2 protein chains.
Amino acid sequence: MNIGEAAASAGVPPKTIRYYEDIGLIAPAGRSEGNYRVYSEREVHMLRFVQRARSLGFTVQDCRQLLALYRDPGRASADVKAMAERRIQELDRKLAELTSIRQTLAGLVEHCHGDQRPDCPILADLAAADGPG
Amino acid sequence: MNIGEAAASAGVPPKTIRYYEDIGLIAPAGRSEGNYRVYSEREVHMLRFVQRARSLGFTVQDCRQLLALYRDPGRASADVKAMAERRIQELDRKLAELTSIRQTLAGLVEHCHGDQRPDCPILADLAAADGPG
DNA sequence: CTTGACCTTCCAGCGACTGGAATGCCCATC
DNA sequence: GATGGGCATTCCAGTCGCTGGAAGGTCAAG
């Protein structure tokens with residue numbers, strides 16, 4: 001299997017696969033006679049694993065650890081769980097932040113006429129910059 | 001006022017001010033005899049404006065537009081409102097995405113023993129990679 | 001006159017790719 | 001055998017919004 005097919009099958013662009021190889025996230029692929037990278041199902045499986053982890057917001061560093069745990073038959077599930085829980089905590093932090101921003105913006109938008117006149121509480125807030133939020 | 005004082009007063013690092021000047025977000029500051037950047041209250045005000053806009057998640061490009069609108073006495077508040085609404089839409093998209101990810105992770109965490117044994121539904125999900133979410 | 005805090009410029013790096021150029025390989029058709 | 005198109009290869013540069021650090025200049029205090 002060439003990189004294009006592996007990429008399609010794993011749901012990542014070919015460039016990303018080369019990048020992952022470059023940074024040592026995945027092992028260097030074997031090569032054909034014409035120097036093309038060659039992939040087996042096993043390697044595509046790993047790529048899918050990474051793709052899925054990334055789509056859940058794990059960093060590439062996290063992926064390294066997750067792959068290591070995945071490959072380690074003597075792993076403790078506690079270690080995986082801890083990683084997921086840390087990730088959830090970060091998500092909660094981010095969600096709180098974005099929610100707060102959203103509230104602030106929504107409040108400002110609500111009070112803005114949104115017509116042809118220049119008076120605008122949104123700009124006023126940005127200019128004042130010591131209100132709440 | 002030197003850059004350090006301006007920075008403290010606007011709530012941004014000195015490096016960021018130089019960066020903003022570099023990319024043309026704010027006008028080049030005047031210079032002292034010793035080539036130090038010199039800031040007036042007016043310029044600190046602009047910096048605070050940008051800092052506040054950035055803290056609400058507006059991009060630097062957005063800040064350019066917001067500053068332009070702020071400076072334009074003939075602006076229509078509708079334009080500002082539209083920007084804020086677009087931003088809110090983006091936030092909603094992001095919030096939905098993160099919330100969905102959180103749900104998936106929470107579901108996985110819930111089913112993981114988190115003990116010394118290797119069996120782990122989180123890794124199993126990453127490896128399967130065709131479940132929901 | 002020295003110390004130390006501030007300032008200057010410039011270059012490099014973060015994370016996680018992504019775009020593009022220049023080149024090479026492979027297969028099919030004429 | 002030539003040719004064309006679609007793959008592949010490498011390498012460099014850019015994205016976004018800073019941030020760190022090196023090498024040097026300025027300023028006020030002691």
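Reminder, nothing fancy here: chain letters follow the sequence lines and each chain counts from 1. Computed from a prediction, not measured in an experiment: that's the story for all the values here.
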Quiz item: So does B/Arg31 have more than 12 non-hydrogen atoms from other groups sitting under 6.0 Å from CZ?
Solution: yes
Mind listing the closest non-hydrogen atom pair of [X] and [Y] along with its distance?
X	Y	value
B/Leu98	A/Leu95	CB-CD2, 3.7 Å
A/Ala7	A/Pro13	CB-C, 4.0 Å
B/Leu25	B/Leu67	O-CD1, 3.6 Å

Which part of the nucleic acid does [X] contact within heavy-atom distance under 4.0 Å: base, sugar-phosphate only, or nothing?
X	answer
A/Ile3	sugar-phosphate
A/Ser32	nothing
B/Pro13	sugar-phosphate

Quiz item: Are the side chain of B/Asp62 and the backbone N or O of B/Thr59 linked by a donor-acceptor pair below 3.5 Å?
Solution: yes
Quiz item: If we fit an axis to the first five pairs and another to the last five of the helix from C/dC1-D/dG30 to C/dC30-D/dG1, what angle do they make, to the nearest 10°?
Solution: 30°
Pairs: protein N or O with nucleotides 20-22 of chain D N or O, under 3.5 Å:
{"from": "D/dG20", "atom 1": "N7", "to": "B/Lys15", "atom 2": "NZ", "distance (Å)": "2.8"}
{"from": "D/dG20", "atom 1": "O6", "to": "B/Lys15", "atom 2": "NZ", "distance (Å)": "2.8"}
{"from": "D/dG21", "atom 1": "O6", "to": "B/Lys15", "atom 2": "NZ", "distance (Å)": "2.2"}

Quiz item: How do A/Asn2 and B/Val60 order along DNA chain D: which one's closest nucleotide is nearer the 5' end?
Solution: A/Asn2
Quiz item: Which sits closer to the 5' end of DNA chain D, B/Thr16 or A/Gly4, going by the nucleotide each is nearest to?
Solution: A/Gly4
How many Å lie between [atom1] on [X] and [atom2] on [N], as a whole number?
X	N	atom1	atom2	result
A/Tyr39	D/dA8	OH	C1'	11 Å
A/Tyr19	D/dA13	OH	P	17 Å
A/Ile17	D/dT9	CD1	P	9 Å
A/Tyr36	D/dG6	OH	P	14 Å
B/Asp22	D/dC18	CG	P	13 Å
B/Glu33	D/dA28	CD	P	11 Å
B/Asp62	D/dC16	CG	C1'	13 Å
A/Glu21	D/dT9	CD	C1'	12 Å

Quiz item: Are a donor atom and an acceptor atom from the side chains of A/Arg48 and A/Ser9 found within less than 3.5 Å of each other?
Solution: yes
Quiz item: Does any donor atom in the side chain of A/Ser100 or A/Glu97 lie under 3.5 Å from an acceptor atom in the other side chain?
Solution: no
Quiz item: Using a heavy-atom cut-off of 4.0 Å to chain A, what are the terminal contacting nucleotides of DNA chain C, in 5' to 3' order?
Solution: C/dA16 to C/dC26
So, is [X] close to the [N] phosphate, meaning a side-chain N or O under 4.0 Å from OP1 or OP2?
X	N	value
B/Arg18	D/dC18	no
B/Arg31	D/dG25	no
A/Arg37	D/dT9	yes

Answer with yes or no whether the hydrophobic clustering places [X] together with [Y]; edges join I, L, V, M, F, W, Y residues whose side-chain heavy atoms lie under 4.5 Å apart.
X	Y	result
A/Tyr36	A/Val12	no
A/Ile23	A/Phe58	yes
B/Leu105	B/Ile122	yes

Exercise. Inspect the contact between A/Asp119 and A/Arg117 and indicate whether a charged nitrogen and a carboxylate oxygen are less than 4.0 angstrom apart.
Key: no
Practice problem: Give a yes or no on whether a salt bridge exists between B/Arg18 and B/Glu21, defined as a side-chain N under 4.0 angstrom from a carboxylate O. | Solution: no
